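A quick write-up on the structure given underneath.
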Amino acid sequence: MRVINCCTRLHAPSSIRLSFVRRNHSQTHSYRCVGHGNCSLSTNQMEQRNLSANTVIDHPRALTDKITLIRDAGPSKFQVIADFDATLTRYRVNGLRGQTSHNLLQQGNAEYDAKRQALYDHYHPLEISPVIPIDEKTKLMEEWWSKTHDLLIEGGLTYDAIKKSVENSSIAFREGVVELFEFLEKKEIPVLIFSAGLADVIEEVLRQNLHRTFKNVKIVSNRMVFDDNGRLVSFKGKLIHVLNKNEHALDMAGPLHDQLGVDTGEEDEDEANAYVKQRTNVLLMGDHLGDLRMSDGLSYETRISVGFLNDNIEKSLESYRQAFDLVYLNDAPMWGAVELVSRLFSTEET
Ligand code: C5P
Ligand code: MG
């Protein structure tokens, strides 16, 4: 039997309820409404309403053990690594697919916008195809990202165009992201936003949407270089696409954490790296199976992985529930993660 909490409400931290959809070992799918014996919802209605708010946990016991280990080690041992697009941001905004840091960009040059859109139309189906072997897909993603970066340079993207694009974009953070960052900031817990998108765009999205900065939040993503006229001339460092986040984890995480507002007391990069490496407990959040590799470079002790499964739930649930400790279905808000970190490091905790 699948167990679904029909009354889960994830609209505010005070009313958080985690509900578990446990692994279904039988072939027959039946549903039980927990907590409301008189619930009048049909199975279909229950499923529709509750998939959007439910949490899927394959191994609740293993998760509880991880929570205990991380809580016992304390906040000084902990860090958060989060993907950006469709993880911190919502997959759908006003009923339509929300924009990513890439596709919100309007270069001020319609020809180049159309060229990038044509690339998206060609490569995005390949990105989400479950049948293309990983090596082949990696090459395709490299191709897509480098062509896109070239078009942004050739098309003369300016920093002003980024600001205007973000102003006009339909990109929105999941409810609870601010509360999550605030909680982590208070506890001096670093947050690394690790994205295959565009760092400069992400920063502008944070600026315009959150209306404040967080000294504990840093971004690892494709970083632009502008000339004196604010025109894009190149990209810094190695290209980060959806399938190579692992290659960059170690070399980029160290220097980045070095710049955190948190005082490490360390002066050189090696010592700063050592500081990051002390934080061997990780909360990793992503919407893509490839996001799981974001912590590859960290040799963590305990990791809780959270997956946002926004679309194609029927097809992807099995692989997500096996890969992530928790799966939030159907573009869920961030309240579950807020509750999780509060549970880990609540000041009221005994
Ligand atoms: O932040 P994250 O790593 O999720 O960003 C990558 C996302 O950006 C991918 O899911 C991809 O679909 C999207 N993308 C895009 N346009 C591009 C390249 C990537 O929308 N040109
Ligand atoms: Mg993503």
Side-chain angles (χ1 to χ4, degrees), residues 55-58 63 66 78-91 98 100-103 123-124 126-130 132 134 137-138 140-142 144-145 171 173-174 177 180-181 184 190-199 201-202 205 217-222 238-253 256 281-300 302-313 315-334 336-337 340-341:
T55 306
V56 180
I57 302 174
D58 240 13
L63 177 61
K66 286 185 182 187
F78 186 66
Q79 61 180 303
V80 175
I81 303 179
D83 167 57
F84 184 73
D85 292 298
T87 296
L88 294 177
T89 63
R90 284 156 56 182
Y91 188 75
T100 64
S101 64
H102 267 288
N103 67 18
Y123 284 103
H124 181 64
L126 306 177
E127 177 194 3
I128 58 172
S129 162
I132 302 175
I134 194 83
K137 202 191 267 198
T138 301
L140 290 164
M141 294 301 101
E142 268 165 29
W144 179 16
W145 258 257
I171 192 164
F173 285 98
R174 290 180 194 276
V177 166
L180 179 69
F181 286 177
L184 296 168
V191 179
L192 189 69
I193 299 177
F194 199 161
S195 172
L198 299 160
V201 178
I202 293 170
V205 172
V217 174
K218 292 291 163 187
I219 300 164
V220 170
S221 189
N222 297 296
K238 278 172 78 180
L239 184 148
I240 305 174
H241 59 76
V242 264
L243 292 179
N244 74 345
K245 286 180 165 185
N246 57 315
E247 287 172 22
H248 298 268
L250 192 60
D251 49 337
M252 298 191 83
L256 249 144
N281 293 331
V282 180
L283 170 65
L284 178 148
M285 300 194 287
D287 71 300
H288 213 284
L289 292 174
D291 290 333
L292 283 159
R293 314 220 42 197
M294 296 188 297
S295 56
D296 275 9
L298 289 172
S299 40
Y300 56 82
T302 307
R303 181 186 75 173
I304 295 176
S305 56
V306 170
F308 286 87
L309 177 51
N310 302 308
D311 210 0
N312 267 334
I313 291 175
K315 276 194 208 148
S316 305
L317 183 55
E318 199 48 39
S319 53
Y320 272 63
R321 70 197 303 166
Q322 281 174 22
F324 291 97
D325 295 308
L326 289 102
V327 183
Y328 293 118
L329 297 176
N330 236 352
D331 217 9
M334 194 52 85
L340 177 63
V341 293

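Remember, it's a predicted structure, so these values are computed and weren't measured experimentally.
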Quiz prompt | side chain to side chain contact (heavy atoms under 4.5 Å, CB included) partner of Leu88, the single match among Val205, Val217, Ile202, Ile193 | solution = Ile193
Quiz item: Going through the distances and angles, do Met294 and Leu192 end up as a side-chain contact (heavy atoms from CB on, under 4.5 Å)?
Solution: CA-CA 10 Å; Met294 296 188 297; Leu192 189 69; over 6 Å; no
Quiz item: Can you tell me how far the CZ atom of Arg303 sits from the CG atom of Leu292, to the nearest 0.5 Å?
Solution: 5.0 Å
Exercise. Write down the atom of Ser195, the atom of Asp85, and the distance for their closest heavy-atom approach.
Key: OG-OD2, 4.0 Å
Self-check item: Test item: side-chain donor near acceptor, Asp287 and Tyr91, under 3.5 Å
Solution: no
Quiz item: Do Phe84 and Thr89 pass the side-chain contact (heavy atoms from CB on, under 4.5 Å) test, and can you show the C-alpha distance, the side-chain angles, and the key distance before you say yes or no?
Solution: CA-CA 6 Å; Phe84 184 73; Thr89 63; 3.7 Å; yes
Quiz item: What is the distance from atom CG of Asp58 to atom CG of Leu326, rounded to the nearest 0.5 Å?
Solution: 10.5 Å
Quiz item: Taking C-beta and beyond as the side chain, do Ile128 and Asp311 meet within less than 4.5 Å on heavy atoms?
Solution: no
Exercise. Kindly give the heavy-atom pair with the smallest separation between Ser316 and Leu309, and that separation in Å.
Key: CB-CD1, 3.7 Å
Practice problem: Check the pair Thr138 / Asn244 against side-chain contact (heavy atoms from CB on, under 4.5 Å), numbers first and verdict last. | Solution: CA-CA 8 Å; Thr138 301; Asn244 74 345; 5.5 Å; no
Quiz item: Would you call Asp331 and Arg174 a salt bridge, using N to O less than 4.0 angstrom?
Solution: yes
Practice problem: Measure from the side-chain N and O atoms of Ser101 to the backbone N and O of Leu198, and report whether any donor-acceptor pair falls under 3.5 Å. | Solution: yes
Exercise. Locate the shortest heavy-atom distance separating Asp325 from Ile304; write the atom from each residue and the value.
Key: OD2-CA, 3.3 Å
Quiz prompt | Residue pair Tyr300 / Ser295: nearest heavy atoms and the distance that separates them | solution = CE2-OG, 3.5 Å
Quiz prompt | From CA spacing to verdict: side-chain contact (heavy atoms from CB on, under 4.5 Å), Lys245, Asp83 | solution = CA-CA 10 Å; Lys245 286 180 165 185; Asp83 167 57; 2.8 Å; yes
Quiz item: Quick one: does Ser305's side chain have a donor or acceptor within less than 3.5 Å of a partner on Leu284's backbone?
Solution: no
Practice problem: Please state whether the rings of Trp145 and His241 are parallel, tilted or perpendicular, taking 30° and 60° as the class boundaries. | Solution: tilted
Quiz prompt | OH on Tyr320 to CD1 on Ile313, rounded to 0.5 Å | solution = 10.5 Å
Quiz item: Say you draw a straight line from OH of Tyr328 to CD1 of Ile57; how long is it, rounded to the nearest 0.5 Å?
Solution: 7.0 Å
Practice problem: Give, for atom CZ of Arg293 and atom CG of Leu243, the distance between the pair rounded to the nearest 0.5 Å. | Solution: 9.5 Å
Practice problem: Search all heavy atoms of Val282 against all heavy atoms of Phe78 and return the closest pair with its distance. | Solution: C-CE1, 3.9 Å
Exercise. Could you tell me whether the side chain of Asn222 and the main chain of Gly197 form a donor-acceptor pair under 3.5 Å?
Key: yes
Quiz item: Looking at side-chain heavy atoms only, is the closest gap between Val306 and Met334 below 4.5 Å?
Solution: no
Self-check item: Within-4.5 Å side-chain heavy-atom neighbours: Leu317 and Leu329
Solution: yes
Quiz prompt | Distance in Å, Ile132 CD1 paired with Lys137 NZ, rounded so as to fall on 0.5 Å steps | solution = 6.0 Å
Quiz item: Any idea which heavy atoms bring Asp291 and Gly286 closest together, and the distance?
Solution: OD2-CA, 3.4 Å
